[in-house]
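Only a predicted model underlies this, so the values are computations on that prediction, with no experimental measurement involved. All ligand and atom numbering here is 1-based and tracks the order in the structure.
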Amino acid sequence: MSHIQLSENIFYVGVNDRRTELFENHMELPNGVSYNSYLIVDDKVVLIDPVEAGFFDEYLQKVKLILDDRKVDYLIVNHAEPDHSGAIAAIIREYPEVQVVGNAKTFAPLEAFYGPIDNKLIVADGETLNIGQHTFQFFMVPMVHWPESMVTYEQSTKIVFSNDAFGGFGALNGGIFDDETDIRFYEDDMRRYYANIVGKVAGPTLKAIQKLGGLEIKMIAPSHGLVWRSNLQWVLDKYIQWSSHQSEEGIVIVYGSMYGNTARMADIIARGAAESGIKNIRVYDVAKTEVSFIMSDIWKYKGVIIGACAHYGSMFPNMTLLVHELNEFKPKDKIYGIFGGMSWGGGGVKTLCKHAEEGGWQLAAESVEVKGAPIREEDIERLYDLGFKIGKEIQ
Ligand code: FEO
(Lines give C-alpha, C1' and ligand atoms only; values in the text may rest on other atoms or scores of the structure.)
Protein backbone atom coordinates (compact mmCIF):
# COMPACT_ATOMS: atom_id res chain seq x y z
CA MET A 1 0.00 0.00 0.00
CA SER A 2 1.31 3.37 -0.92
CA HIS A 3 1.16 6.37 1.34
CA ILE A 4 -1.97 8.53 1.23
CA GLN A 5 -0.97 11.78 -0.43
CA LEU A 6 -2.78 15.10 -0.70
CA SER A 7 0.08 16.27 -2.92
CA GLU A 8 3.57 15.04 -3.70
CA ASN A 9 4.91 15.88 -0.24
CA ILE A 10 1.79 16.21 1.89
CA PHE A 11 0.65 12.97 3.51
CA TYR A 12 -2.49 11.92 5.37
CA VAL A 13 -1.43 10.30 8.67
CA GLY A 14 -4.74 10.34 10.53
CA VAL A 15 -6.36 7.48 12.44
CA ASN A 16 -9.83 6.00 12.79
CA ASP A 17 -11.47 5.69 16.17
CA ARG A 18 -14.17 3.01 16.19
CA ARG A 19 -13.73 2.10 19.86
CA THR A 20 -14.80 5.31 21.64
CA GLU A 21 -18.49 4.95 22.36
CA LEU A 22 -19.21 8.55 23.25
CA PHE A 23 -17.53 11.59 21.69
CA GLU A 24 -16.68 14.15 24.41
CA ASN A 25 -18.16 11.39 26.57
CA HIS A 26 -21.75 12.33 25.71
CA MET A 27 -22.42 11.89 21.97
CA GLU A 28 -22.81 8.42 20.51
CA LEU A 29 -20.47 7.34 17.75
CA PRO A 30 -22.20 4.51 15.89
CA ASN A 31 -19.95 5.11 12.87
CA GLY A 32 -16.82 6.11 14.77
CA VAL A 33 -14.80 9.24 14.11
CA SER A 34 -11.46 10.03 12.51
CA TYR A 35 -8.68 12.21 13.86
CA ASN A 36 -6.99 13.52 10.74
CA SER A 37 -3.40 14.64 10.82
CA TYR A 38 -1.09 15.73 8.02
CA LEU A 39 2.64 15.37 7.48
CA ILE A 40 4.54 17.70 5.16
CA VAL A 41 8.05 16.70 4.11
CA ASP A 42 10.22 19.49 2.74
CA ASP A 43 13.51 21.13 3.83
CA LYS A 44 11.82 20.98 7.18
CA VAL A 45 9.25 18.45 8.36
CA VAL A 46 5.89 19.61 9.64
CA LEU A 47 3.02 17.83 11.38
CA ILE A 48 -0.38 19.49 11.44
CA ASP A 49 -2.74 18.67 14.31
CA PRO A 50 -1.93 15.33 15.90
CA VAL A 51 -4.46 12.83 17.27
CA GLU A 52 -6.21 11.73 20.44
CA ALA A 53 -3.72 10.42 23.04
CA GLY A 54 -4.85 6.78 22.89
CA PHE A 55 -3.90 6.55 19.21
CA PHE A 56 -0.35 7.82 19.54
CA ASP A 57 1.40 4.48 18.81
CA GLU A 58 -0.53 3.86 15.60
CA TYR A 59 -0.02 7.49 14.61
CA LEU A 60 3.71 7.50 15.24
CA GLN A 61 4.13 4.30 13.24
CA LYS A 62 2.43 5.97 10.28
CA VAL A 63 4.64 9.03 10.59
CA LYS A 64 7.82 6.92 10.85
CA LEU A 65 6.91 4.82 7.83
CA ILE A 66 7.20 8.03 5.81
CA LEU A 67 9.97 9.83 7.69
CA ASP A 68 12.18 6.94 8.67
CA ASP A 69 14.95 8.59 10.71
CA ARG A 70 14.13 12.18 9.85
CA LYS A 71 12.83 14.28 12.69
CA VAL A 72 9.75 16.46 12.91
CA ASP A 73 10.76 20.13 12.99
CA TYR A 74 7.39 21.83 13.49
CA LEU A 75 4.11 20.75 15.00
CA ILE A 76 1.31 23.10 14.01
CA VAL A 77 -1.52 23.16 16.54
CA ASN A 78 -4.63 24.67 14.99
CA HIS A 79 -6.76 23.75 18.00
CA ALA A 80 -5.90 22.75 21.57
CA GLU A 81 -8.84 20.43 22.26
CA PRO A 82 -7.59 17.02 23.39
CA ASP A 83 -9.19 15.03 20.54
CA HIS A 84 -6.39 16.57 18.44
CA SER A 85 -3.80 17.75 20.92
CA GLY A 86 -3.85 14.62 23.08
CA ALA A 87 -0.71 13.18 21.52
CA ILE A 88 1.35 16.38 21.85
CA ALA A 89 3.23 15.42 24.99
CA ALA A 90 4.20 12.08 23.42
CA ILE A 91 5.33 13.78 20.19
CA ILE A 92 7.54 16.16 22.15
CA ARG A 93 9.05 13.19 23.99
CA GLU A 94 9.71 11.49 20.63
CA TYR A 95 11.03 14.64 18.92
CA PRO A 96 12.41 16.85 21.72
CA GLU A 97 13.63 19.50 19.25
CA VAL A 98 10.20 20.02 17.69
CA GLN A 99 8.87 23.59 17.67
CA VAL A 100 5.22 23.79 18.57
CA VAL A 101 3.46 26.37 16.41
CA GLY A 102 0.40 28.11 17.79
CA ASN A 103 -1.02 31.57 18.27
CA ALA A 104 -1.15 33.85 21.31
CA LYS A 105 -4.09 31.91 22.72
CA THR A 106 -2.91 28.37 21.97
CA PHE A 107 -0.41 27.77 24.72
CA ALA A 108 -2.49 28.60 27.79
CA PRO A 109 -4.85 25.64 27.23
CA LEU A 110 -2.06 23.41 25.89
CA GLU A 111 0.16 23.95 28.92
CA ALA A 112 -2.82 23.62 31.23
CA PHE A 113 -3.45 20.15 29.76
CA TYR A 114 0.11 18.90 29.21
CA GLY A 115 2.51 21.02 31.29
CA PRO A 116 5.18 23.48 30.14
CA ILE A 117 6.16 23.55 26.45
CA ASP A 118 9.65 25.01 25.95
CA ASN A 119 9.92 25.20 22.20
CA LYS A 120 7.15 27.54 21.10
CA LEU A 121 6.66 29.49 17.91
CA ILE A 122 3.85 32.00 18.30
CA VAL A 123 2.29 33.17 15.04
CA ALA A 124 -0.11 36.03 14.36
CA ASP A 125 -3.06 36.31 12.01
CA GLY A 126 -1.84 36.26 8.40
CA GLU A 127 1.77 35.41 9.35
CA THR A 128 3.66 32.85 7.26
CA LEU A 129 6.15 30.06 7.90
CA ASN A 130 8.31 28.82 5.01
CA ILE A 131 9.87 25.35 5.07
CA GLY A 132 11.27 25.16 1.52
CA GLN A 133 8.75 24.58 -1.27
CA HIS A 134 5.85 25.05 1.12
CA THR A 135 4.70 28.19 2.88
CA PHE A 136 2.08 28.04 5.59
CA GLN A 137 -0.12 31.00 6.35
CA PHE A 138 -2.11 31.15 9.57
CA PHE A 139 -5.58 32.60 9.96
CA MET A 140 -7.26 33.05 13.31
CA VAL A 141 -10.83 31.74 13.42
CA PRO A 142 -11.71 32.31 17.08
CA MET A 143 -14.50 30.09 18.49
CA VAL A 144 -14.41 27.65 15.59
CA HIS A 145 -14.42 25.78 17.87
CA TRP A 146 -12.46 27.30 20.81
CA PRO A 147 -11.00 30.78 21.32
CA GLU A 148 -7.53 29.71 20.11
CA SER A 149 -8.77 28.01 16.92
CA MET A 150 -6.94 28.84 13.71
CA VAL A 151 -6.65 27.35 10.24
CA THR A 152 -3.47 26.83 8.27
CA TYR A 153 -3.31 27.53 4.53
CA GLU A 154 -0.49 26.08 2.46
CA GLN A 155 0.18 28.55 -0.34
CA SER A 156 1.85 26.35 -3.00
CA THR A 157 -0.76 23.58 -2.96
CA LYS A 158 -3.66 25.85 -1.91
CA ILE A 159 -4.75 23.39 0.75
CA VAL A 160 -6.50 24.72 3.83
CA PHE A 161 -6.08 22.65 6.99
CA SER A 162 -9.31 23.62 8.67
CA ASN A 163 -9.31 21.52 11.85
CA ASP A 164 -12.89 21.22 13.25
CA ALA A 165 -14.44 23.35 10.50
CA PHE A 166 -15.83 21.22 7.65
CA GLY A 167 -15.32 18.11 9.78
CA GLY A 168 -17.80 15.42 10.66
CA PHE A 169 -18.36 12.26 12.63
CA GLY A 170 -17.81 8.95 10.91
CA ALA A 171 -14.55 7.02 10.64
CA LEU A 172 -13.10 6.98 7.12
CA ASN A 173 -13.98 3.67 5.51
CA GLY A 174 -11.11 3.39 3.05
CA GLY A 175 -12.02 6.51 1.09
CA ILE A 176 -10.13 9.47 2.51
CA PHE A 177 -11.05 11.96 -0.22
CA ASP A 178 -14.62 13.03 -0.99
CA ASP A 179 -14.42 11.66 -4.55
CA GLU A 180 -13.41 8.21 -3.29
CA THR A 181 -16.70 7.70 -1.49
CA ASP A 182 -20.41 8.45 -1.62
CA ILE A 183 -20.52 11.71 0.32
CA ARG A 184 -24.24 11.24 1.06
CA PHE A 185 -23.23 8.47 3.48
CA TYR A 186 -21.37 11.06 5.58
CA GLU A 187 -23.90 13.89 5.39
CA ASP A 188 -26.02 12.98 8.43
CA ASP A 189 -22.93 12.43 10.57
CA MET A 190 -21.50 15.76 9.37
CA ARG A 191 -24.66 17.61 10.28
CA ARG A 192 -24.84 15.87 13.67
CA TYR A 193 -21.27 16.95 14.32
CA TYR A 194 -22.10 20.48 13.19
CA ALA A 195 -25.33 20.78 15.19
CA ASN A 196 -23.78 19.55 18.44
CA ILE A 197 -20.28 20.99 18.27
CA VAL A 198 -20.00 23.88 15.83
CA GLY A 199 -23.65 25.01 15.85
CA LYS A 200 -23.32 27.07 19.02
CA VAL A 201 -20.71 29.17 17.22
CA ALA A 202 -22.53 29.41 13.92
CA GLY A 203 -21.91 33.19 13.74
CA PRO A 204 -18.10 32.95 14.10
CA THR A 205 -18.16 30.02 11.63
CA LEU A 206 -19.86 32.16 9.02
CA LYS A 207 -17.31 34.92 9.70
CA ALA A 208 -14.48 32.42 9.29
CA ILE A 209 -15.88 31.27 5.94
CA GLN A 210 -16.07 34.90 4.80
CA LYS A 211 -12.53 35.53 6.04
CA LEU A 212 -11.16 32.64 3.97
CA GLY A 213 -13.28 33.66 0.99
CA GLY A 214 -10.43 35.65 -0.54
CA LEU A 215 -8.12 32.63 -0.76
CA GLU A 216 -7.88 30.33 -3.72
CA ILE A 217 -8.62 26.94 -2.16
CA LYS A 218 -8.06 23.67 -3.99
CA MET A 219 -8.54 21.31 -1.06
CA ILE A 220 -10.07 21.44 2.41
CA ALA A 221 -8.37 19.09 4.83
CA PRO A 222 -10.23 19.04 8.15
CA SER A 223 -9.23 17.16 11.28
CA HIS A 224 -12.33 14.91 11.26
CA GLY A 225 -13.94 13.23 8.29
CA LEU A 226 -13.38 13.43 4.56
CA VAL A 227 -10.76 15.51 2.79
CA TRP A 228 -12.52 17.70 0.21
CA ARG A 229 -10.92 18.11 -3.21
CA SER A 230 -13.76 17.55 -5.73
CA ASN A 231 -16.93 18.71 -3.97
CA LEU A 232 -15.72 21.87 -2.28
CA GLN A 233 -18.81 23.81 -3.23
CA TRP A 234 -21.04 21.07 -1.79
CA VAL A 235 -19.39 21.17 1.63
CA LEU A 236 -19.17 24.95 1.57
CA ASP A 237 -22.88 25.24 0.74
CA LYS A 238 -23.75 22.86 3.58
CA TYR A 239 -21.69 24.84 6.05
CA ILE A 240 -23.20 28.14 4.90
CA GLN A 241 -26.70 26.65 5.11
CA TRP A 242 -26.17 25.29 8.63
CA SER A 243 -24.31 28.38 9.87
CA SER A 244 -26.96 30.75 8.58
CA HIS A 245 -29.78 28.64 10.10
CA GLN A 246 -31.55 27.87 6.83
CA SER A 247 -34.07 25.18 7.72
CA GLU A 248 -35.68 22.66 5.38
CA GLU A 249 -39.37 21.78 5.26
CA GLY A 250 -40.03 19.16 7.90
CA ILE A 251 -41.02 18.63 11.52
CA VAL A 252 -39.27 16.97 14.44
CA ILE A 253 -41.61 15.73 17.15
CA VAL A 254 -39.90 14.73 20.40
CA TYR A 255 -41.64 13.37 23.44
CA GLY A 256 -40.92 12.14 26.93
CA SER A 257 -43.54 9.69 28.13
CA MET A 258 -43.68 7.37 31.15
CA TYR A 259 -46.64 5.16 30.24
CA GLY A 260 -47.09 5.86 26.55
CA ASN A 261 -49.84 8.48 26.74
CA THR A 262 -47.67 11.42 25.65
CA ALA A 263 -46.22 9.07 23.01
CA ARG A 264 -49.75 8.50 21.68
CA MET A 265 -50.23 12.26 21.56
CA ALA A 266 -47.08 12.55 19.44
CA ASP A 267 -48.55 10.13 16.91
CA ILE A 268 -51.76 12.13 16.64
CA ILE A 269 -49.78 15.34 16.13
CA ALA A 270 -47.63 13.59 13.52
CA ARG A 271 -50.78 12.52 11.66
CA GLY A 272 -52.02 16.11 11.66
CA ALA A 273 -48.67 17.27 10.28
CA ALA A 274 -48.72 14.59 7.59
CA GLU A 275 -52.24 15.53 6.50
CA SER A 276 -51.13 19.16 6.27
CA GLY A 277 -48.76 18.01 3.53
CA ILE A 278 -45.46 17.63 5.38
CA LYS A 279 -43.45 14.67 4.16
CA ASN A 280 -40.41 14.89 6.41
CA ILE A 281 -41.65 14.11 9.90
CA ARG A 282 -39.32 12.58 12.49
CA VAL A 283 -40.74 11.35 15.79
CA TYR A 284 -38.33 10.64 18.66
CA ASP A 285 -38.66 9.28 22.17
CA VAL A 286 -36.20 11.41 24.12
CA ALA A 287 -35.53 8.53 26.50
CA LYS A 288 -34.49 6.22 23.66
CA THR A 289 -32.64 8.37 21.12
CA GLU A 290 -29.46 10.08 22.23
CA VAL A 291 -29.92 13.85 22.12
CA SER A 292 -27.22 14.62 19.50
CA PHE A 293 -29.28 12.78 16.85
CA ILE A 294 -32.39 14.78 17.76
CA MET A 295 -30.45 18.05 17.71
CA SER A 296 -29.13 17.19 14.27
CA ASP A 297 -32.63 16.82 12.84
CA ILE A 298 -33.82 19.92 14.66
CA TRP A 299 -31.00 21.83 12.99
CA LYS A 300 -32.23 20.56 9.65
CA TYR A 301 -35.99 21.00 9.90
CA LYS A 302 -38.11 24.05 10.54
CA GLY A 303 -40.82 22.61 12.79
CA VAL A 304 -40.07 21.45 16.34
CA ILE A 305 -42.88 20.06 18.49
CA ILE A 306 -41.90 19.02 21.99
CA GLY A 307 -43.98 17.05 24.44
CA ALA A 308 -43.38 15.99 28.01
CA CYS A 309 -45.53 14.25 30.54
CA ALA A 310 -45.58 15.59 34.07
CA HIS A 311 -43.12 14.30 36.62
CA TYR A 312 -43.45 15.56 40.22
CA GLY A 313 -44.89 18.87 39.06
CA SER A 314 -42.16 19.35 36.46
CA MET A 315 -41.41 17.59 33.16
CA PHE A 316 -40.21 14.13 32.22
CA PRO A 317 -36.59 14.23 33.43
CA ASN A 318 -34.84 13.03 30.25
CA MET A 319 -36.27 16.03 28.40
CA THR A 320 -34.06 18.34 30.46
CA LEU A 321 -30.92 17.68 28.42
CA LEU A 322 -32.59 18.34 25.08
CA VAL A 323 -34.15 21.58 26.31
CA HIS A 324 -30.80 22.63 27.75
CA GLU A 325 -29.05 21.96 24.42
CA LEU A 326 -31.76 23.83 22.51
CA ASN A 327 -31.46 26.92 24.67
CA GLU A 328 -27.67 26.69 24.67
CA PHE A 329 -27.22 26.19 20.90
CA LYS A 330 -30.22 28.31 19.88
CA PRO A 331 -31.03 26.99 16.40
CA LYS A 332 -32.87 29.81 14.63
CA ASP A 333 -35.62 29.92 12.00
CA LYS A 334 -37.76 27.40 13.91
CA ILE A 335 -41.47 27.15 14.60
CA TYR A 336 -42.22 25.43 17.90
CA GLY A 337 -45.17 23.65 19.45
CA ILE A 338 -45.63 22.20 22.94
CA PHE A 339 -47.78 19.38 24.28
CA GLY A 340 -47.88 16.84 27.08
CA GLY A 341 -49.81 14.78 29.59
CA MET A 342 -50.85 15.97 33.04
CA SER A 343 -50.44 12.78 35.05
CA TRP A 344 -52.01 13.64 38.45
CA GLY A 345 -51.16 17.32 38.68
CA GLY A 346 -49.56 18.61 35.48
CA GLY A 347 -46.19 20.33 35.19
CA GLY A 348 -44.72 18.99 31.93
CA VAL A 349 -46.31 21.56 29.66
CA LYS A 350 -45.86 24.35 32.21
CA THR A 351 -42.13 23.60 32.47
CA LEU A 352 -41.71 23.43 28.70
CA CYS A 353 -43.48 26.79 28.37
CA LYS A 354 -41.07 28.29 30.89
CA HIS A 355 -38.08 27.04 28.85
CA ALA A 356 -39.75 28.29 25.67
CA GLU A 357 -39.95 31.76 27.16
CA GLU A 358 -36.35 31.67 28.32
CA GLY A 359 -35.16 30.40 24.94
CA GLY A 360 -37.34 32.74 22.90
CA TRP A 361 -38.99 29.88 21.00
CA GLN A 362 -41.43 31.07 18.37
CA LEU A 363 -44.62 29.17 19.24
CA ALA A 364 -47.04 28.83 16.33
CA ALA A 365 -49.99 27.50 18.28
CA GLU A 366 -51.37 27.21 21.77
CA SER A 367 -49.82 24.44 23.85
CA VAL A 368 -51.90 21.31 24.28
CA GLU A 369 -52.11 19.65 27.68
CA VAL A 370 -54.14 16.48 28.07
CA LYS A 371 -55.47 14.79 31.20
CA GLY A 372 -54.51 11.14 31.17
CA ALA A 373 -54.63 9.46 27.77
CA PRO A 374 -55.68 11.05 24.47
CA ILE A 375 -59.00 9.23 24.30
CA ARG A 376 -61.50 12.10 24.26
CA GLU A 377 -62.54 13.51 20.90
CA GLU A 378 -61.76 17.12 21.86
CA ASP A 379 -58.23 16.22 23.01
CA ILE A 380 -57.57 14.24 19.86
CA GLU A 381 -58.72 17.18 17.80
CA ARG A 382 -56.55 19.70 19.66
CA LEU A 383 -53.49 17.47 19.17
CA TYR A 384 -54.24 16.84 15.51
CA ASP A 385 -54.76 20.58 14.97
CA LEU A 386 -51.40 21.36 16.58
CA GLY A 387 -49.61 19.16 14.04
CA PHE A 388 -51.76 20.38 11.16
CA LYS A 389 -51.32 24.06 12.04
CA ILE A 390 -47.54 23.88 12.42
CA GLY A 391 -47.39 21.83 9.23
CA LYS A 392 -49.26 24.53 7.32
CA GLU A 393 -47.21 27.27 8.98
CA ILE A 394 -43.88 25.97 7.71
CA GLN A 395 -44.89 25.30 4.11
FE1 FEO B 1 -12.20 18.17 17.11
FE2 FEO B 1 -12.91 21.03 18.93
O3 FEO B 1 -12.06 19.43 18.53
Open item on the list: Below 30° counts as parallel, above 60° as perpendicular, anything between as tilted: where do the rings of Phe169 and Tyr193 land?
Closed with: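 Phe169 and Tyr193: perpendicular rings.
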- [ ] Considering only NZ, NE, NH1 and NH2 on the basic side and carboxylate oxygens on the acidic side, decide whether Asp182 and Arg184 come within less than 4.0 Å.
- [x]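 Salt bridge present between Asp182 and Arg184.
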Open item on the list: Taking the basic N atoms (NZ, or NE/NH1/NH2) and the acidic carboxylate oxygens, is any pair closer than 4.0 Å for Asp379 and Lys371?
Closed with: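 No, this pair does not count.
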- [ ] Would you list the protein N, O or S atoms within less than 2.8 Å of atom 2 (Fe) of ligand 1, leaving out water?
- [x]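 Correct list: His79 NE2, Glu81 OE1, His145 ND1, Asp164 OD2.
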Open item on the list: Only N/O/S atoms count here: what is the atom of His224 closest to atom 1 (Fe) of ligand 1 called?
Closed with: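 Going by distance to atom 1 (Fe) of ligand 1, the closest N, O or S atom in His224 is NE2.
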- [ ] Check step by step if side chain to side chain contact (heavy atoms under 4.5 Å, CB included) holds for Ile294 and Asp297.
- [x] CA-CA 5 Å; Ile294 302 171; Asp297 270 352; over 6 Å; no
TODO: Return the set of residues passing side-chain hydrogen bond (donor to acceptor under 3.5 Å, both in side chains) with Asn318 (not counting sequence neighbours), or none when no residue passes.
DONE: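 side-chain hydrogen bond (donor to acceptor under 3.5 Å, both in side chains) list for Asn318, sorted by chain: empty.
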Task: Side-chain heavy atoms of Phe339 within contact of Ile253, under 4.5 Å - done: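 They are in side-chain contact.
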